[in-house]
Amino acid sequence: MNDNAESFSIPAEIKQEAQEATLRLLPAKSKREGAITEEVLLAYFFNVEKHFAASSMWTKYSMLKSMLKVHKGIDISKYDKLTSYLKVGSRKYKTKKAKILERNQIEEFLKKAPDVEYLQVKVALILGVAGACRCNELTFLDISDVQDKGSYLYVLIPDTKTNISRSFTVIEEAFSVNAVEMCRK
């Protein structure tokens, strides 16, 4: 619709006819209030499970639970078969352990990697380790968030996951290389 059509008042009977026409688009089962049953949700999660990990299944469950409660007044937390199904799926799920750099690997990288190619990575590594930063926090870090205080750097993380700004310092002796000097470069 264009802007001109929206400025006209639509009579109530036309709105009613439009709603009836929309309802004809839905299959009869979907029109019934009880169309969202535990069995329907079990079938949905059975199909979703083929493409997602158990942790994602619980996320989808949580989103559905909230949306159905708000929009349809349906509380699926009382669907015992559904929660049991998700719990069984969680038991067979094996978490993937993240690979962690050891301190000696970090030190070796900072010493041996050429600054010409890896200076930005080195600075991100120093700031990330010194401030226990999330990747997202480093991504949005601005040069104005870092203050050079001479023998140390003061870093402000204004936008965190918890929406509470925090700060940390980077000292010269934090690593086997002068971390402050490397960040200055």
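Predicted model only: the values in this text are computed from it and were never measured.
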Membership question, hydrophobic clusters at under 4.5 Å side-chain separation (ILVMFWY): are Val177 and Tyr152 in the same one?
no

Is Leu41 linked to Met67 within one hydrophobic cluster, defined over Ile, Leu, Val, Met, Phe, Trp and Tyr using a side-chain heavy-atom separation of less than 4.5 Å?
no

Spell out, yes or no, whether Trp58 and Leu68 are grouped together once hydrophobic residues are joined by side-chain heavy atoms under 4.5 Å, including indirect joins.
yes

So does Ile76 get a backbone contact from the side chain of Lys65, meaning a donor-acceptor N/O pair under 3.5 Å?
no

Among the clusters formed by ILVMFWY side chains lying less than 4.5 Å apart, do Ile157 and Ile171 turn up in the same one?
no

Quick one: do Lys81 and Glu39 satisfy side chain to side chain contact (heavy atoms under 4.5 Å, CB included)? Show the steps, please.
CA-CA 9 Å; Lys81 288 181 195 174; Glu39 287 74 26; 3.9 Å; yes

Is the side chain of Glu117 donor-acceptor paired with the backbone N or O of Pro114 at a distance under 3.5 Å, no angle test?
no

In terms of hydrophobic clusters joined by side-chain contacts under 4.5 Å, are Leu42 and Val48 together?
yes

I'd like to know if the side chain of Arg184 reaches the main chain of Asp148, judged simply by a donor and an acceptor atom lying under 3.5 Å from each other, with no hydrogens or angles considered.
no

Could you give the distance from CG (Asn47) to CZ (Phe52), rounded to the nearest 0.5 Å?
11.5 Å

Please list, chain by chain and in numerical order, all residues satisfying ring pair (Phe, Tyr, Trp, His ring centres under 6.0 Å) with Tyr85, sequence neighbours excluded.
none

Say whether, by atom type as modelled, one donor and one acceptor occur between the side chain of Lys72 and the main chain of Ile36 under 3.5 angstrom.
no

Glu38 side-chain N/O to Asp80 backbone N/O, donor-acceptor pair under 3.5 Å:
yes

Non-neighbouring partners of Val123 that pass side-chain contact (heavy atoms from CB on, under 4.5 Å), sequence neighbours left out
Leu119, Leu127, Cys183

Between Phe109 and Tyr118, what is the ring plane arrangement, given parallel below 30°, perpendicular above 60°, and tilted in between?
perpendicular

Can you name the side chain to side chain donor-acceptor pair (under 3.5 Å) partners of Arg103, sequence neighbours left out?
Glu107

